[in-house]
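What follows is a single structure, written as structure tokens, with notes after it.
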Amino acid sequence: MEGSPEILTPADIQKVLDIGINQTYNLIKENRFHHVRVGRKMLVPKKSFIDWLEGVTHR
């Protein structure tokens, strides 16, 4: 994920995981990683997504 923006969109996550957009939104809605809503947009900090991929848990 070198060179990718610090804030990811669902489309970015979809490309990285090679899954459908519905699966991507389900992961986000299930709070698998931190996200913020800005209006209708869902945005995910890259660090939060990478931590989730690597199995890092935050308490």
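Quantities reported herein were computed from a predicted structural model and do not represent experimental measurements.
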Query raised in the report: Linking I/L/V/M/F/W/Y whenever any side-chain heavy atoms sit under 4.5 Å apart, do I7 and L53 land together?
Result: no
Query - Distance, nearest 0.5 Å, that separates NE2 of H35 from NZ of K41 - result: 15.0 Å
Report summary line: The side chain to side chain contact (heavy atoms under 4.5 Å, CB included) partner of M42 among T24, V36, I28 is I28
Query - Heavy-atom side-chain proximity of P45 to H34 below 4.5 angstrom - result: yes
Requested in this report: Tell me yes or no: between the side chains of D12 and T9, is some donor less than 3.5 Å from an acceptor?
Outcome: yes
**Report entry** Sub-4.5 Å side-chain heavy-atom contact between L8 and L43
**Finding:** no
Report summary line: One should read off an interatomic distance between Q23 CD and D18 CG, to the nearest 0.5 angstrom, of 9.5 Å
Query - ILVMFWY network linking V38 to V44, side-chain heavy atoms under 4.5 angstrom - result: no
Query raised in the report: In Å, rounded to the nearest 0.5 Å, how long is the span from CD of Q14 to CG of N22?
Result: 9.0 Å
Requested in this report: Would you indicate whether the side-chain heavy atoms of I13 and I19 approach each other to under 4.5 Å?
Outcome: no
Report task. Please tell me if the side chains of L17 and F49 come closer than 4.5 Å, counting only heavy atoms from C-beta onward. Result -> yes
Report task. May I ask you to decide if L27's main-chain N or O and E30's side chain share a donor-acceptor pair within less than 3.5 Å? Result -> no
Query raised in the report: Would you say the side chain of I50 lies within less than 4.5 Å of the side chain of F33, judging by non-hydrogen atoms?
Result: no
